[in-house]
Amino acid sequence: MRRDETLADYLRAQGISRRGFLKFCVATASMMALPLGAAEEIAKALSAARRPSVIWLSFQECTGCTESLTRSSRPTLESLILDAISLDYHHTLQAAAGSAAEEAREQAMQENDGKFILIVDGSIPIKDDGIYSTIAGITNLQMLKDTAQHAAAIVAVGSCAAFGGIPHANPNPTGAVPVMDIIKDKPIINVPGCPPIPVVITGVLSHYLTYGTLPELDSLHRPLAFYGDTIHDRCYRRPFYDQGKFAKTFDDEGARKGWCLYELGCKGPTTHNACATAKWNGGTSFPIESGHPCLGCSEPDFWDGGGFYQPLSTAAFDVNKWATTAVVAGAAAGVGLGLYNKAKKSTAQKHHHKVSVDEMME
Amino acid sequence: MSAIEFLNWVRGPALQVSLMVFIIGMLIRVFEIWLLGRKKDLSVARDAGSTVAGLRTIITRSVPPPGMWSHLIAGYIFHVGFILVLLFFVPHILLFKKALGLSWPGIPNGIIDGLTIISLAAMVYTLAIRLSDPVRRTLSNFNDYFAWLVTFLPLLTGYLAFHRHVGDYTLMLGIHILSVNLLLIAFPFTKLTHAITVFAARWYNGAVAGRKGVRV
Amino acid sequence: MNQLSDISVRVEQRPTEQVVAVLNEIESLLQDLIRTDQAGAIDLRSLPLFPGDYDMLKQLLGEGEVSATMQAMGPSYIQETLVPGVWWVSHRNDDGEKISEYIEVTRIPSLLKTTTPDLADAPAGIQQLITQFLNQQHE
């Protein structure tokens, strides 16, 4: 697609009818949790939208976020959005490699200075000057700072880029940090999840294409349209939670009847994401519906949240070990102090001077 | 710090420290009291045995003197309600299950709700009596009010968190657990220690008085 | 393509509140349509439906007089239900995967109507057909 073409021109050139385009907009509205009527507005805005330039930087990541986005078969909403944007640089996906690829990135940055969207997945290690992750000899830290300088906005895709993710988990040997800890002067949208739901990634891009602005964000910079509710708020198993019907193991009667998974460690009540409604694999299912408790993967530090199979109401440390230590220490201290007190008492008694009547008369 | 990071901290390191202070503190107090020992018996007791006298005092001091009935009933309501909510609300049972390996059936949430409200009301009532009665007000010090507060807060914040009345659930849950941490730390340093010592204290008072002087 | 619905899931006892709630909302949208001629829709993706609720809804609403298949970027199935004005609209991509699904409460789902831009290209399209036909005749 040429840079000066609008999205509507591009789609018509692909042989996609207006009806097809509207169907695309209806699905976009549904994805962005907007009412059906918004599809017309989206159609109008997208028709006039110019193709934005996107640079995608992959840092300390497992590539799961890119996989999540590209595994969906074509043509789908996701692929259309990706076709619609001009993906000028994606380290893992692009055909060019080596210095040619880096030159392409430089060129895209220059041509679209101040206008391109920077998408980042993966955390950024900063220990030892960031030597633990480099591309073409440039540290992730340096590449992020250089590229972010010229970007219009940054989308941090996945929990690693948004919150540090698994590299950031205890003991964080590489000093991994999220994008928002490094870049302070550009608008950042966090799209966390391990990985995020594909439609959420493209939903954010759709919003930007449609309205030209960033969507409304929460205190952790996550778009409210997808992260406004917790899993618990929209979980279809709520009637069982409310009735106190819990599965106690993975294969008991309760589990087979589809009861609430709170006792198996579900972090749904404290996890903000769209899994319960948008679901996964094209709307097939989501972890709880498949019988597994929510891991809380779109929240910071979910790896260190006390254990995936420990209920939210339990302690997030080894209680047995520390309680036993405390009992031993307390007993020892108690006995020690008690005996010390007794010794003090008997010494005082020994030195007690019995007052005689004569002494009292003095 | 985000709400979830705060929650992980109060459930993790903060709870760890609080629990250890609680256990170590309580054990020190119990051992110290026990090892204090009893005074040597230097004369003949009035009554034959001290056990009976002790048990009698436990009972007499569990029942109020005239004029204090409402206060005592409110006290019982609060204590019973608090214990039931603590031990029979399902998420709490899970907490004990992980710590002790034991679990037991819970009470339906609706009843727990009612018990919480009744306990909170009873606590407010006893505080009101303490403040309105001039004698009690004079006798009351920081220890009394602080002990009331650290007991009141977990009940209140737990109720608010469960019902999601106030803002973000994650934050409210964190505040609830923080208030529990505060209660645990305050336990060995305040009159809350009575939880362990109350019956032994009543027994001892009765036993001592049973030797000589007025029967209590 | 394997779908979750292909796996035989036996659903045990389940609550019925969601199904009744959706049906009540449809009634409320119908009242709006009658009163103000304003169309409405329920996005099935946004509802926390219990497994079995979806099939129950489909079964209850049934199939009415009109059935249409639209081929644009994959098939879309538009079915008027047994209740007039209530349409079940399912949009799929070329692989048959659902990309959105609505219960629309309207006189006619808007996507069935020919759109203005397509219509604008139509006269040229007819001219092209005429030219093509005449060329064929001359061969």
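Proteins get letters first, then strands, A, B, ... in listed order; numbering begins at 1 in each.
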Engineer: With under 30° as parallel and over 60° as perpendicular, where do the rings of F302(A) and F308(A) fit, or are they tilted in between?
Structural biologist: parallel
Engineer: Under a 4.5 Å cut-off applied to non-hydrogen side-chain atoms, are Q60(A) and P167(A) in contact?
Structural biologist: yes
Engineer: Given a strict heavy-atom distance threshold of 4.5 Å, which part of F89(B) is in contact with chain A: side chain, backbone, both, or neither?
Structural biologist: neither
Engineer: Sort R29(B) into side chain, backbone, both or neither according to what part of it lies under 4.5 angstrom from a heavy atom of chain A.
Structural biologist: neither
Engineer: Check whether more than 12 heavy atoms from other residues, nucleotides or ligands sit under 6.0 Å from atom NZ of K186(A), and answer yes or no.
Structural biologist: yes
Engineer: In this structure, are over 12 heavy atoms from other groups packed under 6.0 Å from W148(B) atom CH2?
Structural biologist: yes
Engineer: So for L7(B), is it side chain, backbone, both, or neither that comes closer than 4.5 Å to the heavy atoms of chain A?
Structural biologist: side chain
Engineer: Tell me, out of A333(A), G336(A), A326(A), who's got the most heavy-atom pairs with chain B below 4.5 Å.
Structural biologist: A326(A)
Engineer: Measuring heavy-atom distances to chain B, does F246(A) have an atom under 4.5 Å in its side chain, in its backbone, in both, or in neither?
Structural biologist: side chain
Engineer: Which residues in residues 12-26 of chain B have a heavy atom less than 4.5 Å from any heavy atom of chain A?
Structural biologist: G12(B), L15(B), Q16(B), L19(B), M20(B), I23(B), I24(B)
Engineer: Show, in sequence, the C-alpha distance, side-chain angles and deciding distance for I4(B) and D301(A), and conclude whether the side-chain contact (heavy atoms from CB on, under 4.5 Å) test is met.
Structural biologist: CA-CA 8 Å; I4(B) 188 84; D301(A) 293 330; over 6 Å; no
Engineer: Kindly indicate, with the supporting measurements, whether the criterion ring-ring contact (aromatic ring centres under 6.0 Å, His included) is fulfilled by H232(A) and Y241(A).
Structural biologist: CA-CA 9 Å; H232(A) 185 72; Y241(A) 171 87; 4.5 Å; yes
Engineer: Run the salt-bridge test on R222(A) and E299(A) with the 4.0 Å N-O cut-off and return the result as yes or no.
Structural biologist: yes
Engineer: Hey, can you tell me if W104(B) and F88(B) have their rings parallel, tilted or perpendicular (30° and 60° cut-offs)?
Structural biologist: perpendicular
Engineer: How long is the span from the CD1 atom in I118(B) to the CE atom in M123(B), to the nearest 0.5 Å?
Structural biologist: 14.5 Å
Engineer: Under a 4.5 Å cutoff for heavy-atom pairs, which residue among K98(B), H92(B), E32(B) has the most contacts with chain A?
Structural biologist: K98(B)
Engineer: Contact part of N341(A) toward chain B, heavy-atom cut-off under 4.5 Å: side chain, backbone, both or neither?
Structural biologist: side chain
Engineer: Can you confirm whether Y145(B) is buried at OH, in the sense that more than 12 heavy atoms of other residues, nucleotides or ligands lie under 6.0 Å from that atom?
Structural biologist: yes
Engineer: If you tally heavy-atom pairs under 4.5 Å against chain B, which of S219(A), G306(A), G296(A), P269(A) wins?
Structural biologist: P269(A)
Engineer: Between N8(B), I177(B), L94(B), T170(B), which residue shows the highest count of heavy-atom pairs closer than 4.5 Å to chain A?
Structural biologist: L94(B)
Engineer: Out of curiosity, I77(B) CD1 to L120(B) CG, how far, rounded to the nearest 0.5 Å?
Structural biologist: 12.5 Å
Engineer: Taking Y262(A), F163(A), F317(A) one by one, which has the highest count of heavy-atom pairs under 4.5 Å against chain B?
Structural biologist: F317(A)
